[in-house]
Each structure stands twice: as structure tokens, then as C-alpha cells.
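I have placed the structure first, in the form of C-alpha cells, so that the comments after it can refer back to it.
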Amino acid sequence: MPELPEVEVVRRGLERWVAGRTVTEVEVLHPRAVRRHPAGGEDFAARLKGQRFEVARRRGKYLWVPLAETGTSVLGHLGMSGQLLVQPEGAPDEKHLRIRIRFDDSAGTELRFVDQRTFGGLSLHDQTPDGTDGLPDVIGHIARDPLDPAFDDAAFQSALRLRRTTIKRALLDQSLISGVGNIYADEALWRSKLHYDRPTASLTRPRSAELLGHVRDVMNAALVAGGTSFDSLYVNVNGESGYFDRSLDAYGREDEPCHRCGTPMRRRAWMNRSSYFCPRCQRPPRTTA
DNA sequence: ACGGGCGCCTGCCAGC
DNA sequence: TGCTGGCAGGCGCCCG
């Protein structure tokens, strides 16, 4: 699944390949792919036609492409399996092609949204009233991600101390910090030697600062690993950057030795998904042991 | 207001 | 071999 670094690679691909181009035709091939567009697929297509794409923006795992001189943007989320592809016109349709966008120029390529599981989709939204970053109104509640220069470390750390929840829940809470998925949460917690059920209020400032640093390290490592392919015609992403194969210390490593101490890693059911951790390096909090 | 939990989807694969 | 059911999980939404 696309994590934040992969989404950033997609954003760069959009900037490289579709910025400045004007839409002539939109085909919505699956209604679920535009379910976040309340007025429906026909409205989506009609309103997009004739608009010119500006440079794609990103917040967390959301992408948006402002439409020139409108205050409106195409908002996209890749969900679990979404891809944005720039393909040659006439290339065979992908099995899970959901939306096709054609342009009026002679570049010979079109933009495709392909999504097997349809957790993702595209929609049109006005920007927030205060106009911050041209952010679409429906994602006004999404916090900045830790790679954003304007991310406020101190505010995040303060919020952790005030919350009455556990640390992994907080890492996945989009209103506190965005762009951290299940995989990166487990990786950052392992690096920080923190158990996923640790109450956020129990983290000292140095510990939360260290955690934040590890979140950034994990993301940056993946960005470096995946950032080399973005200027190919194929805008990415198959969601499986080589980074995952080589560099995971926690996620998916049940029964394999901890890369730090050799203890077999464990998996626990958690929120209808899994948490992977080292039982020796990441001791459970006393209250929930 | 805040925190917890569920459901949406489909392909894969282990197990019977 | 063919079927079934569990699993993957970001995030909106609903409930208490």
C-alpha cells in the first residue's frame, strides 16, 4: 500500500507530467471511485472538463491538483491499492481502471486512476475558507505530516501528553500527525523501543522527540529509496517499493529474530489489523500487561 | 469534545 | 481440486 513517501513520489510525477495541461474529457468507469464527490460521476466529469491543472500538492497521503483560476481542486487518495498512471493514449485499459482523464495537447498521454480495492478515489472540492495552502475543505482536519517544514514538533508533543490514548493510535490519528500508516508506525515504535499500547501521556519530552525523529527517519529512508524512479513516464506506484523488502525491522516479521537483540518478534491482533514488536525491546506498559 | 470501534472493498492464500 | 474464510488496512463515520 502506498505510504507517504510513495505518495510524494506520485505528487512529483503529477508535477512533472500533468501540470499545465488542460482537460478535454473525463471518463468515470466506476462510481465508487468518485464516491467522495457527492454530486456524482457525471458532475465530476462535466466540471473537470476544460480546466487546467496546476502543480499537485500533498498533505499526508492526500494529493490535490488545483484547477487554475477556480479555487477548486481535484482531490485524490490512493487508499490501499490506488495508482495514478500517465499512460500513452491507446494503451490497453488496466483491469481496474476507474477514471480516465484526457488532455487537449499533443503530448500523447492521459492520466489514469487505477484501483483494485477502491478504497481510494477522486473528487472536486473548494479550498478552505481561510485558504491555507489551498487546502481542500474536506481535508481541513488533516494534520501536517512530519516531513512538512511547518510541522510543529512542540505542539505535537504537547498534544500527546494531553491525550488519553495509546501511542500507536495517536500515530495513526490524522488530526495529530498525518501520513503514518500501520507499517511505519510499527517501524518507528521498534526503533524507539516503545510498545504500541504505551499511554501517550506517559511519554517524556525526550522520548516523544526521539519517536518523532524515528518516524522521520523511516519516511526519509523510503523517500530516498523510491525517489529515483519518479521521472519515468510511469508515474508510479505499484505500492511496493524495494525499500520494504530490505529495510523492515518490525512489520511482518513474526517469529523472526529481532534485528537488535535476536528475540523472536511477535504479532498481536490490534484494531482489526496487526502490530509487530519485539517482546524484549518493547516492553508492554504495566497497566495493560 | 473526545476516544473507541467498525465497515468499506477485493485478491490472495492457507487449510480443509 | 475447489471452496471457504481470514487477512491486508486508511480513514470516515457513528456511538457512547
Side-chain angles (χ1 to χ4, degrees), chain A residues 1-8 10-11 29-38 58-64 75-84 94-99 113-123 125 135-146 156 158-189 196-202 215 218-219 222 237-241 244-245 248 250-255 266-277 285 287-288:
Chain A
M1 70 304 307
E3 294 272 352
L4 181 143
E6 286 77 28
V7 178
E8 172 58 18
V10 173
R11 191 204 64 74
L29 301 164
H30 195 300
R32 196 174 144 78
V34 290
R35 72 190 181 288
R36 304 281 299 161
H37 187 79
R58 180 184 60 74
R59 177 169 286 204
K61 297 182 186 176
Y62 282 96
L63 290 163
W64 72 95
L75 179 66
H77 197 291
L78 301 178
M80 295 296 303
S81 54
Q83 301 168 267
L84 280 167
E94 292 76 8
K95 182 177 180 184
H96 300 292
L97 177 62
R98 308 303 190 192
I99 299 171
F113 178 71
V114 177
D115 190 6
Q116 173 208 118
R117 288 159 71 181
T118 66
F119 275 66
L122 303 182
S123 50
H125 302 280
L135 195 68
D137 50 15
V138 294
I139 60 166
H141 65 290
I142 302 291
R144 293 182 186 275
D145 67 69
F156 174 72
S158 297
L160 287 187
R161 300 218 36 114
L162 291 172
R163 287 280 171 123
R164 284 172 310 209
T165 188
T166 50
I167 187 57
K168 186 167 172 181
R169 287 194 82 106
L171 286 176
L172 300 180
D173 185 334
Q174 301 294 296
S175 70
L176 282 177
I177 182 172
S178 67
V180 183
N182 196 47
I183 296 174
Y184 288 7
D186 279 3
E187 292 301 304
L189 289 169
Y196 59 89
D197 259 344
R198 181 78 177 264
T200 54
S202 76
V215 171
V218 170
M219 286 183 174
V237 290
N238 57 22
E240 297 175 28
S241 76
F244 288 138
D245 301 333
L248 293 181
Y251 185 82
R253 301 197 61 247
E254 183 179 21
D255 296 332
R266 292 199 182 148
R267 177 170 74 93
R268 286 285 178 278
W270 185 87
M271 294 272 296
N272 288 328
R273 38 186 65 81
S274 295
S275 275
Y276 297 88
F277 66 105
T287 50
T288 56

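We use all heavy atoms of the structure for the numbers below, so side chains are in, but hydrogens, waters and symmetry mates are not. Residue numbering restarts at 1 for every chain, and letters A, B, ... go by the order of the sequence lines. Since this is a predicted model, take the numbers as computed values, not measurements.
- Distance CZ/A:Arg253 to OH/A:Tyr276: 11.5 Å, rounded to 0.5 Å.
- Applying the side-chain hydrogen bond (donor to acceptor under 3.5 Å, both in side chains) test to A:Ser158 and every residue at least two apart in sequence or in another chain returns A:Arg205.
- With sequence neighbours left out, the side-chain contact (heavy atoms from CB on, under 4.5 Å) criterion links A:Glu94 to A:Leu85, A:Gln87, A:Leu97, A:Arg112, A:Val114.
- Residues that satisfy the salt bridge (charged side-chain N to carboxylate O under 4.0 Å, His left out) test with A:Arg58, not counting sequence neighbours, are A:Glu8, A:Asp145.
- Using a 4.5 Å heavy-atom threshold, the side chains of A:Arg169 and A:Met271 count as touching.
- Side-chain N or O atoms of A:Thr118 include none that pairs as donor or acceptor with a backbone N or O of A:Ala33 at under 3.5 Å.
- Residue-to-nucleotide proximity on DNA chain B shows that, of A:Leu162 and A:Phe119, the 5′-proximal contact is made by A:Leu162.
- Taking atom CZ of residue A:Arg268 and atom C1' of nucleotide C:dC7, one finds them 17 Å apart after rounding to whole Å.
- Taking for each of A:Gly60 and A:Ser274 the nucleotide of DNA chain C with the nearest heavy atom, the 5'-most of the two is the partner of A:Ser274.
- Across the protein-nucleic acid pair, A:Ile177 atom CD1 and C:dG10 atom P stand 14 Å apart, rounded to whole Å.
- Annotation: cation-pi pair A:Arg59/A:Tyr62 absent, no NZ/CZ under 6.0 Å from the ring centroid and within 45° of its normal.
- Going from atom CG of A:Leu78 over to atom C1' of C:dA8 covers 17 Å, rounded to whole Å.
- A rotation axis mapping the C1' atoms of four pairs onto the next four is fitted at both ends of the helix from B:dC2-C:dG16 to B:dC16-C:dG2 over five pairs, and the angle between these axes is 50° to 10 degrees.
- Between A:Arg163 and A:Asp173 there is a salt bridge, since a side-chain N of the basic residue sits under 4.0 Å from a carboxylate O of the acidic one.
- On the nucleic acid side, DNA chain B contacts chain A at distances under 4.0 Å to non-hydrogen atoms, with the end points of that region at B:dG3 to B:dG11.
- The minimum heavy-atom distance linking A:Lys168 with A:Asp186 is given by the pair NZ-OD1, 2.7 Å.
- Atom CG of A:Leu172 and atom P of C:dG10 are 7 Å apart (whole Å).
- Contact of the A:His125 side chain with the A:Trp64 side chain is not registered, since no non-hydrogen atoms from C-beta on lie closer than 4.5 Å.
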Set out, line by line, the N/O atom pairs under 3.5 Å between protein and nucleotides 12-16 of chain C.
| from | atom 1 | to | atom 2 | distance (Å) |
| --- | --- | --- | --- | --- |
| C:dG12 | OP1 | A:Tyr62 | OH | 2.2 |
| C:dG12 | OP2 | A:His141 | NE2 | 3.4 |
| C:dG12 | O3' | A:Arg36 | NH1 | 3.4 |

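- Comparing A:His30 and A:Thr165 along DNA chain B, the residue whose closest nucleotide (by nearest heavy atom) sits nearer the 5' end is A:Thr165.
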